[in-house]
> 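Would you mind keeping the following structure in view while I ask a few things?
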Amino acid sequence: MSLQAPRGTRDILAPDSARLRALVETFAGAAELAGYGQVVSPMFEQIEVFRRVGEATDIVSKEMYEFRDPGDRHLALRPELTASVARAFVQHRPPLPWKAWYEGPQFRYEKPQAGRFRQFNQVGAELFGSDDPQADVEVIALAWRFCTGLGLRELRLVVNSLGDRADREAYLAALAAYFERRADELSAQGRETLGRNPLRLLDSKRPEDLAVVAGAPVIDDCWSEAAADHFAAVLAGLESLGIPFQRNPRLVRGLDYYRRTAFELASDALDGAQDAVGGGGRYDGLVADLGGPEVPGVGFALGVDRLLLACDAEGSFPAPSGAADVFVVDVTGGGEATLLAEELRGAGIRVERAFDGRSMKAQMKAADRSGARWALLIGSDELAGGQVSLRRMRAHGATATGESVQRRIPRRDITAELACLLATEAAEGSTL
RNA sequence: UUGACCGUAGCUCAGUUGGUUAGAGCGCCGGGUUGUGGUCCCGGAGGUCGGGGGUUCAAAUCCCCUCGGUCAACCCA
């Protein structure tokens, strides 16, 4: 194996790629139903865009693909999309509220694992320009409705509030003081984390740390009245929609720009440490950090690859069928198949055919495998008589319909005939 | 970045204490009606045993390095 896709990346081939696209289209439908329009932003940005947003986070400090272009611009492949979208907002200042959805690959230099890649796809949505808790609710509801719409049942919504900037800092101080006091009980790695960012310690999985974390101060005590009211309103909104959630006072997200609401969606169908399918929250200072006005925002992103893993685990959201409508079998050299296929495709019919002048038997086999419901046969007899043979494939109820399995029809009628047959089938299929 | 396990045909895997031309199932191709698909029968193609180096008379098998995957820590989608 000399040449292969770089570590942590992969090729997604036919049925899987169709499934990926279907998932994105489903998301687009849900988002646009809620008034979000798509934003397509560059896959790389000036490195400053990400630096300003998360200097202290691992994602920005050690996982970015940085490079200089031939013009010596210092750039980075985007490790996340919220910063890019916020930058686009600052640059274009669309009317408020601005509601945008997005989809696409992101890049982080991490050690790959199941459900964790160096290039991975996310879908997400952001709402800029409102600090109304109902905006938080709308955003969470969109994520929830989309995920449950994929057929995911074993999904857990975890929510928390990180308070306002001052609350967050007060909490950070209280947390740091607490952990310092019990530093000798922490693991060596835990003490290291404490020096960098005490918040991170809250998601440690080492047993020694867990014991200490269990007694750590809770964010609730640091909330301002406004932040507490906001969070209460968000929870009330979720309840009014019947969206089940769990409160986790120790939920902190990986990016440091979150204020007030933070949430995460995890799947119990995924085992291992990679059970989070996505998350988001409110980031009221982000736009200002990027040089824009004090505009609040709230949003989320979902990991497409993990969503699909969760769908696999729950047996939902299968890949769309790649089956052809018609397979053209031509044993007169293949030229007729070319003409017929193009004619039928021009009429919107999904057509497959064989190449290389294979035997009729081989072509019929290929027709069977293609999943086509109908086969069009062209042999020397048909060619001479200006006809084609139309055959109902066995896997698709050839005998059940009661009609003869194969009949000859004039070549010039074939497109209209097939269009009619397929339309009838579609109508029957939709009423079943 | 750290540790553990793994890497044999397109796919899923066998391969006995290192020992002759490395096997199976599925898939693929051809034949079994000189114009007809599933099943069945027969035949065939396809492998630098992830790569490199070493030990040995002899390495898929043992050792080292490396690449890739998986699991955990870390981190996160």
Side-chain angles (χ1 to χ4, degrees), chain A residues 1-10 13 54 57-63 79-82 103-124 143 147 187-190 192-193 196-197 199-209 252-255 264-267 270-280 300-310 327 329-332 354 356 358-383 389-396 398 405-406:
Chain A
M1 221 151 294
S2 45
L3 291 179
Q4 51 188 313
R7 181 162 208 207
T9 70
R10 67 246 157 92
L13 306 187
T57 65
D58 283 14
I59 293 176
V60 170
S61 64
K62 31 190 227 203
E63 296 178 4
E80 60 126 13
L81 263 158
T82 302
E103 112 352 83
Q106 277 139 92
F107 309 85
R108 293 182 195 169
Y109 189 79
E110 287 190 285
K111 192 157 170 178
Q113 227 170 85
R116 181 151 86 193
F117 305 95
R118 289 184 173 174
Q119 174 176 334
F120 60 99
N121 295 295
Q122 288 191 339
V123 294
C147 290
S187 66
Q189 245 182 336
E192 218 172 284
T193 309
R196 278 206 322 276
N197 186 349
L199 280 177
R200 289 271 79 79
L201 215 38
L202 293 178
D203 16 65
S204 168
K205 280 165 210 146
R206 289 174 299 270
E208 314 94 280
D209 298 345
V252 291
R253 305 267 314 141
L255 292 151
E264 203 163 88
L265 284 164
S267 169
L270 293 179
D271 39 43
Q274 271 72 244
D275 67 341
V277 296
F300 67 88
L302 301 169
V304 168
D305 314 287
R306 287 194 194 167
L307 279 171
L308 289 173
L309 283 176
F327 195 104
V329 173
D330 175 6
V331 289
T332 67
D356 303 312
R358 304 228 273 144
S359 70
M360 168 154 284
K361 177 170 176 161
Q363 292 193 48
M364 284 304 294
K365 263 183 146 170
D368 198 44
R369 268 197 307 266
S370 76
R373 284 162 304 214
W374 301 91
L376 280 178
L377 313 192
I378 306 161
S380 47
D381 294 358
E382 285 89 343
L383 195 57
S389 290
L390 174 62
R391 179 181 180 87
R392 181 73 182 173
M393 293 304 280
R394 198 151 54 210
H396 297 281
V405 177
Q406 186 169 330

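The chains referred to below are lettered A, B, ... by the order of the sequence lines, with proteins before strands, and numbering in each begins at 1. Reckoned from all heavy atoms, side chains included, excluding hydrogens, waters and symmetry mates.
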> For B:U8 versus B:G69, give the span between their C1' atoms, rounded off to a whole number of Å.
15 Å
> Side chain of A:K361, base of B:G32: donor and acceptor closer than 3.5 Å?
yes
> Taking the P atom of each, how far is B:C5 from B:U21, in whole Å?
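Looking at atom P only, B:C5 and B:U21 are 33 Å apart.
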> Would you kindly give the CG-to-C1' distance between A:L383 and B:G35, to the nearest whole Å?
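These atoms are roughly 13 Å apart.
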> When all nucleic acid strands are considered with a 4.0 Å heavy-atom cut-off, which category describes A:G124: base, sugar-phosphate, or nothing?
nothing
> Report the distance from atom CG of A:D203 to atom OG1 of A:T193, rounding to the nearest 0.5 Å.
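Answer for the CG-OG1 pair, A:D203 versus A:T193, is 9.5 Å.
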> I'd like to know if A:Q406 reaches the base of B:U36 with its side chain such that a donor and an acceptor end up less than 3.5 angstrom apart.
yes
> With heavy-atom distances below 4.5 Å as the criterion, would you say the side chains of A:Q406 and A:L377 are in contact?
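The answer is yes, as the side chains (C-beta and beyond) meet within the 4.5 Å cut-off.
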> Less than 6.0 angstrom from the centroid, inside 45 degrees of the normal: does A:R118 satisfy that with respect to the ring of A:Y109?
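That pair qualifies as a cation-pi contact.
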> Atom CE of A:M360 and atom P of B:U36: how far apart are they, to the nearest Å?
7 Å
> At 4.0 Å (heavy atoms only), tell me whether A:D381 reaches a base, stays on the sugar-phosphate, or touches nothing.
base
> Could you please name the partner base of B:G10, counting Watson-Crick and G-U wobble pairs only when both distances are under 3.5 Å?
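Base-paired to B:C26.
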> Within the structure shown, what part of the strands sits under 4.0 Å from A:L307 by heavy-atom distance: base, sugar-phosphate, or nothing?
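Contact class for A:L307: none.
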> Using atom CZ of A:R108 as one end and atom C1' of B:C75 as the other, report the distance to the nearest whole Å.
9 Å
> Report yes if a donor N or O on one partner sits less than 3.5 Å from an acceptor N or O on the other, where the partners are the side chain of A:R200 and the base of B:C74; otherwise report no.
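Not at all, since no donor on one side and acceptor on the other fall under 3.5 Å apart.
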> Checking all strands, does A:V331 fall into the base, sugar-phosphate, or nothing category for heavy-atom contacts under 4.0 angstrom?
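No contact at all - A:V331 keeps every heavy atom at 4.0 Å or more from the nucleic acid.
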> May I ask you to decide whether A:D305 forms a salt bridge with A:R10, counting only side-chain N to carboxylate O separations under 4.0 Å?
yes
> Look at A:R206 and B:C74 and indicate whether a side-chain polar atom (N or O) is within less than 4.0 Å of OP1 or OP2.
yes
> In whole angstroms, how far is the C1' atom of B:A73 from the NZ atom of A:K62?
12 Å
> Can you tell me, in whole Å, how much space there is between the P of B:G53 and that of B:U61?
13 Å
> Which whole-number value in Å describes the distance from A:K205 NZ to B:U2 P?
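Rounded to whole Å, this separation is 19 Å.
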> To the nearest Å, give me how far apart CD (A:E110) and P (B:U2) are.
16 Å
> Out of B:C74, B:G68, B:A77, which nucleotide sits closest to the side chain of A:Q189?
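Out of B:C74, B:G68, B:A77, the nucleotide with an atom closest to A:Q189's side chain is B:C74.
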> Identify, between A:A301 and A:K365, the residue whose nearest nucleotide on RNA chain B lies closer to the 5' end.
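Comparing both residues, the 5'-ward one is A:K365.
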> Please say whether the positively charged group of A:R391, taken as NZ for Lys or CZ for Arg, lies over the ring of A:W374, i.e. under 6.0 angstrom from the six-membered ring centre and within 45 degrees of the axis.
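Not satisfied by the 6.0 Å and 45° rule.
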> Within the structure shown, what part of the strands sits under 4.0 Å from A:A375 by heavy-atom distance: base, sugar-phosphate, or nothing?
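If one applies the 4.0 Å heavy-atom cut-off, A:A375 turns out to touch nothing in the nucleic acid.
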> Distance check, P atoms only: B:A14 and B:U33, in whole angstrom units.
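About 40 Å, rounded to a whole number of Å.
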> Looking only at N and O atoms, is any donor in the side chain of A:K111 or the base of B:G3 less than 3.5 Å from an acceptor on the other one?
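Side chain to base: pair present.
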> Could you let me know what B:G3 is paired to, Watson-Crick or G-U wobble, both distances under 3.5 Å, or none if it's on its own?
B:C71
> Looking across every strand, which nucleic acid part, if any, lies under 4.0 Å from A:T57 by heavy atom: base, sugar-phosphate, or nothing?
nothing
> For B:U20, give its Watson-Crick or G-U wobble partner with both distances under 3.5 Å, or none.
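Its partner is none (no Watson-Crick or G-U wobble pair with both distances under 3.5 Å).
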> Respond yes when some side-chain nitrogen or oxygen of A:R358 is under 4.0 Å from OP1 or OP2 of B:G30, and no when none is.
yes
> Report yes or no: is there a donor-acceptor pair, N or O only, under 3.5 Å between the side chain of A:E382 and the base of B:G35?
yes
> Hey, are A:K365 and A:D368 close enough for a salt bridge, meaning a charged N less than 4.0 Å from a carboxylate O?
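No, this pair does not count.
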> Looking only at atom types and distance, does a side-chain atom of A:S204 sit under 3.5 Å from a main-chain N or O of A:L201, one as donor and one as acceptor?
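Flag not set: sc A:S204 to bb A:L201 has no pair under 3.5 Å.
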> Here's a test of your reading of the structure: between A:D305 and A:A114, which maps to the more 5' nucleotide of RNA chain B?
A:A114
> Determine the Euclidean distance between corresponding P atoms of B:C67 and B:U48; express it in Å to zero decimal places.
22 Å
> For A:S359 and B:G30, is the shortest distance between a side-chain N/O and OP1 or OP2 below 4.0 Å?
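No, A:S359 has no side-chain N/O under 4.0 Å of OP1/OP2 on B:G30.
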> Using whole Å, what does the distance between atom C1' of nucleotide B:G10 and atom CZ of A:R369 come to?
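Those two atoms, CZ and C1', are 14 Å apart.
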> Roughly how many Å apart are B:A22 and B:U16, using the P atom of each and rounding to a whole number?
15 Å
> Give a yes/no on whether any side-chain N or O of A:R391 is located under 4.0 angstrom from OP1 or OP2 of B:U36.
no
> Please measure how far the C1' atom in B:G32 lies from the corresponding atom in B:G37, and state the result in whole Å.
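It works out to 15 Å between them.
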> I'd like to know if A:R306 reaches the base of B:C76 with its side chain such that a donor and an acceptor end up less than 3.5 angstrom apart.
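Present.
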> Does B:G69 have OP1 or OP2 under 4.0 Å away from a side-chain N or O of A:R10?
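For B:G69, neither OP1 nor OP2 has a side-chain N or O of A:R10 closer than 4.0 Å.
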> Does A:Q113 place a side-chain N or O at less than 4.0 Å from the phosphate oxygens OP1/OP2 of B:A72?
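So the side-chain polar atoms of A:Q113 do come within 4.0 Å of the phosphate oxygens OP1 or OP2 of B:A72, strictly under.
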> For A:M364 and B:G31, give me the distance from atom CE to atom C1', rounded to whole Å.
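Checked: the CE to C1' distance equals 18 Å.
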> Suppose you measure atom P in B:C76 against the same atom in B:G19; what distance do you get, rounded to whole Å?
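Straight-line distance between the two P atoms is 49 Å.
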